[in-house]
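Worksheet for the structure shown next.
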Number of protein chains: 6
Amino acid sequence: AYSTKEENAARPIGRYPVPNKKDMPYDIVELMEEVEMKTGFLPNVFKAMSHRPAEFRAFFAYYNAIMNKDTGRLSKADKELIIVATSVVNRCPYCVVAHGALHRIYSKQPALADQVIVNWKLADLSDRDLAMLEFALAVCRADNITEEHFQKLERHGFDREDAWDIGMISAFFAMSNRIAHYIDLRPNKEFYTMGRVPRGER
Amino acid sequence: AYSTKEENAARPIGRYPVPNKKDMPYDIVELMEEVEMKTGFLPNVFKAMSHRPAEFRAFFAYYNAIMNKDTGRLSKADKELIIVATSVVNRCPYCVVAHGALHRIYSKQPALADQVIVNWKLADLSDRDLAMLEFALAVCRADNITEEHFQKLERHGFDREDAWDIGMISAFFAMSNRIAHYIDLRPNKEFYTMGRVPRGER
Amino acid sequence: AYSTKEENAARPIGRYPVPNKKDMPYDIVELMEEVEMKTGFLPNVFKAMSHRPAEFRAFFAYYNAIMNKDTGRLSKADKELIIVATSVVNRCPYCVVAHGALHRIYSKQPALADQVIVNWKLADLSDRDLAMLEFALAVCRADNITEEHFQKLERHGFDREDAWDIGMISAFFAMSNRIAHYIDLRPNKEFYTMGRVPRGER
Amino acid sequence: AYSTKEENAARPIGRYPVPNKKDMPYDIVELMEEVEMKTGFLPNVFKAMSHRPAEFRAFFAYYNAIMNKDTGRLSKADKELIIVATSVVNRCPYCVVAHGALHRIYSKQPALADQVIVNWKLADLSDRDLAMLEFALAVCRADNITEEHFQKLERHGFDREDAWDIGMISAFFAMSNRIAHYIDLRPNKEFYTMGRVPRGER
Amino acid sequence: AYSTKEENAARPIGRYPVPNKKDMPYDIVELMEEVEMKTGFLPNVFKAMSHRPAEFRAFFAYYNAIMNKDTGRLSKADKELIIVATSVVNRCPYCVVAHGALHRIYSKQPALADQVIVNWKLADLSDRDLAMLEFALAVCRADNITEEHFQKLERHGFDREDAWDIGMISAFFAMSNRIAHYIDLRPNKEFYTMGRVPRGER
Amino acid sequence: AYSTKEENAARPIGRYPVPNKKDMPYDIVELMEEVEMKTGFLPNVFKAMSHRPAEFRAFFAYYNAIMNKDTGRLSKADKELIIVATSVVNRCPYCVVAHGALHRIYSKQPALADQVIVNWKLADLSDRDLAMLEFALAVCRADNITEEHFQKLERHGFDREDAWDIGMISAFFAMSNRIAHYIDLRPNKEFYTMGRVPRGER
């Protein structure tokens, strides 16, 4: 337990022990099975967080409240792009790889996340998306956020409620990136290839 | 609404509108009244977050899961010290001032938080507390966390479950500091003086 | 001598030995007694610098020439605010704590120094005071100082002689902060509470 | 007055006006004449500081107390080397050029200051001189100074009184560099060539 | 010409004009056709550099001298890994994407370059490969390179000739990354998917 | 071999062995003799690079293609100034000292390179030269280069071909500085004094 160097050839998904399914609370098993059904595999963040059931529940309830809300101007692809761009700053392997994959799926743009990972300012982004990432990255760096930041967003059609949404996603993943670092959370290998080839071309 | 420059003399507590109590969901009002009873005033973070009821619930449920758990070796003062030291890095007025006050209350050491705010390495801290803050700050900076980090904590009596606790508090406040920045959250004036003079001497 | 870890419980005021009063030159004793009379206690910087009488005299003569001059637009509170804001950059415990206290006394604003210590740009400061600190911090960081810096100050009513005064205080404490670091100079405990509670309310 | 762009072709020595000699206090004129006699020309720092007679006196009295004291292990060349190495960090044209010249004169090593200006760690310095500069630069950067810093100096023959001397020179020029920046102080052209060719070879 | 915003939908490969093949010197056309034959498409760096025939020749002759030499312990995959890791530091879209693709081809490890792009220290690399990248990145940052750097490489089987090879590749791409930046060189879209799916599995 | 600490008093010119002239390929000897004839001594970069004949040829062919081309608005002195200013950022002793000397020779301004070495923004440079260095330094830092960069150059008479020339020299020396670092290349002592005294005055 607790080690990232185990006997079996494969590197473990993180440095904390993952309980056996039979020892997990029922609501956690249920959520995991639902996710696995939908995604086709169980993302490692679910396994890793199950080490602490109370924090598992708090983490995914929060995630759900901000990622699955219907209001506002952020599309699913927008939200994933914010996560990718900010997680790069924190050099978080799990979040960059997993949410890069989700961005490819939602945006149907197979190269954009890779561009943002290297250099977001040079990526093939609209001015609106650049403004969105600029705000997200200011929050990510814990900059002082001023009226100018909000006005710049407004010029691209984002109101202050959208700003809250962008800021909250950036802030939540500032937390997630850091949790992933101390857990040494590793991405599932499926994420590396997900969404790279358009469905029709495969 | 949304402005930090209002007509009334006092600077508002943040840049997002705070709903009237009568428009808030009942569970939020209830929590607020409980906190106000216990603390003697309602910390502004409760007011500010009530702008988004679902996120209010998620935020304080998470906070409760990590700050009010009974297990592990972190005292209430330890937890507040971690929050102060990491919030200084993010230059977050609300978190530094509010949790500096809570640290004074719990630790009964009226000058220690002020020392940590200026320069934690020169503060009057035990080697154990220095090791705890060193780990918290590595997580705060989103450093890669290695076996050496855990071994150093172990030399001061913290096991890997304690490391998780330290890391999670640091990570949660990495989020909170950033939320406070985009909300422009201001500390209640009560926090500045709380716990400065020992009860007997007043 | 020379150590910061002595047998007696209390941490010494610095790492260099402090001579006995009877071994000090008379002019130094005289100055110390005058300061102690006025302040109610002898700030540790006087004790620490008495280790080098010639440098003691040079240091306090310089301090006096810039801090106690009557000309210019800087109030006593302005000068202390400059010292607090720049000493935070250098993470100097003595200067931040001692001059934070003096700022509270002179400004009669018990929370402002604490705000500046965490994040000067978010503190409750007038535009004039922000401009003053912006110049002081440019000098503190040893930035190239350009005509634009002076013009910005002029827009807030500071002429070039005031700029010199701001710059000189910033420069002098760039020196003081560094001396305090190699001496490991500790603030007197009185400074932590000075000026926190308005006289009438105590 | 106050401008660095004057009608005459030559760039002024700084941005503050320099009084006419006949308007200066007698003690300042006297000191200037003594320096000019000894050096062959009047270094611009004397002219620039005469704009503020009280500060002129304080500045040069302090300079004299630390640069012309006889005690300790620092040679005149050592002191100049400290000034050069730390003034490079602050990118101060006056101090680097003027004290680079003085180093060449005192050390009789015409290339060493130029090497230190580019990259002190790669300069042809003894281990003792590297240790001396390492301490000076730690003070220059306002690092926390620990017992390890002093022990490292001791291994190269510097006791704690020498450490104070190194630290004080570094701290004093932290001030001087910043004053030079806001004055926009320019080096006399004589400094660029002083000491480059050994006396015998000219 | 010279613009990155042209009428046709597609973003141009760079901001400098690319000559028509018929206007190019014969040796350049010949090299291009050879490369296109081998790779299946013509990487944009060849087109962009043809704007300056003399520099085209010098650039690819240099590239050839260091990338296609047979001596030393660096495999083709090693060389590509060095390019990826150092080009990430300079945030160079072309070099990261093109050489990430080449690494996948040569190493037959489809996920490793993506891991190195996010956080090389957490990638699934052997200690030998970590040591190789550590040296390459020290050169990339223009650090002073000391005996310790070479000794560390030796502990992993690299002699000083290998160190030169690693250093030279890092240095050459320090140049290439910067050329790509001022040209605004864009990767061919083929690079994003090359080598992601093992040949057998397609 | 390979060591920078040899028995003979003099520090070697670098850490890689330099072959005997009789073992060098003829074209390399020929080039060396031509350079030595012209300069009066053989700059150490030629000796150091002869350790790798193929890379020697590639390096100097590239150097020649960009430094000795006749087109464009950059004078010989301009090119040396770019090299000095960018090599300072990388703290490269060889390039700063050697090209500082060449700048003095070509520009006939004996103090300007020394000024640029300390602080290019405060050097006695025309607005045109400042614009040229600003672009060179943006390339040197591997900044994203935008249309604004080119427009700023254009305002000072540099077209996009000149921008390429400035960028290419900056990029080439980004490489050279790094090569010099891993070779530990030392400047010939002749460079320190070259061009300091105008010919007529000697």
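A, B, ... follow the sequence lines: proteins, then strands. Residue 1 opens every chain. Basis for what follows: all heavy atoms, side chains included, without hydrogens, waters or symmetry-related copies.
- B:Phe173 does not touch chain A: none of its heavy atoms, backbone or side chain, sits under 4.5 Å away.
- A salt bridge links A:Glu147 with A:Arg160: the distance from a Lys NZ or Arg NE/NH1/NH2 to an Asp or Glu carboxylate oxygen falls below 4.0 Å.
- Between the side chain of A:Gln115 and the backbone N or O of A:Asp124 there is at least one donor-acceptor pair closer than 3.5 Å.
- Taking 4.0 Å as the cut-off between side-chain N and carboxylate O, B:Glu161 and A:Arg52 count as a salt-bridged pair.
- Among the residues in residues 71-97 of chain A, those with a non-hydrogen atom closer than 4.5 angstrom to a non-hydrogen atom of chain B are A:Asn90.
- A salt bridge does not link A:Asp23 with A:Lys21: every distance from a Lys NZ or Arg NE/NH1/NH2 to an Asp or Glu carboxylate oxygen is 4.0 Å or more.
- The candidate with the highest count of non-hydrogen atom pairs below 4.5 Å against chain A, out of B:Ala138, B:Ala142, B:Ala163, B:Ala65, is B:Ala142.
- Formation of a donor-acceptor pair under 3.5 Å by the B:Asn177 side chain with backbone atoms of B:Ala174 is not found in this model.
- Of the listed residues A:Gly167, A:Ser170, A:Ala61, the one with more heavy-atom pairs under 4.5 angstrom with chain B than any other is A:Gly167.
- By the 30° and 60° cut-offs, the orientation of the rings of B:Tyr63 relative to B:His99 is tilted.
- The parts of A:Asn144 that come within reach of chain B are both its backbone and its side chain, each placing non-hydrogen atoms under 4.5 angstrom from that chain.
- Under a 4.0 Å N-O distance rule, the pair B:Glu55/A:Lys69 does not qualify as a salt bridge.
- The backbone N or O of B:Asn44 sits less than 3.5 Å from a side-chain atom of B:Asn188, completing a donor-acceptor pair.
- For A:Asn64, no part lies near chain B; criterion is any non-hydrogen pair under 4.5 Å.
- Heavy atoms closer than 4.5 Å to chain A are found in both the backbone and the side chain of B:Ile179.
- Among A:Tyr182, A:Trp164, A:Phe172, the residue making the largest number of heavy-atom pairs under 4.5 Å with chain B is A:Trp164.
- With a 4.5 angstrom heavy-atom cutoff, B:Ala180 does not touch chain A via any of its atoms.
- Salt bridge B:Lys38/B:Glu33: absent, no basic N to carboxylate O contact under 4.0 Å.
- The pair A:Asp143-B:Arg178 does not meet the salt-bridge criterion, since no charged nitrogen lies less than 4.0 angstrom from a carboxylate oxygen.
- Of the two parts of B:Ser176, neither the backbone nor the side chain holds a non-hydrogen atom closer than 4.5 Å to a non-hydrogen atom of chain A.
- Between chain A and the residues B:Ile166, B:Ile145, B:Ile66, the most heavy-atom pairs under 4.5 angstrom are made by B:Ile145.
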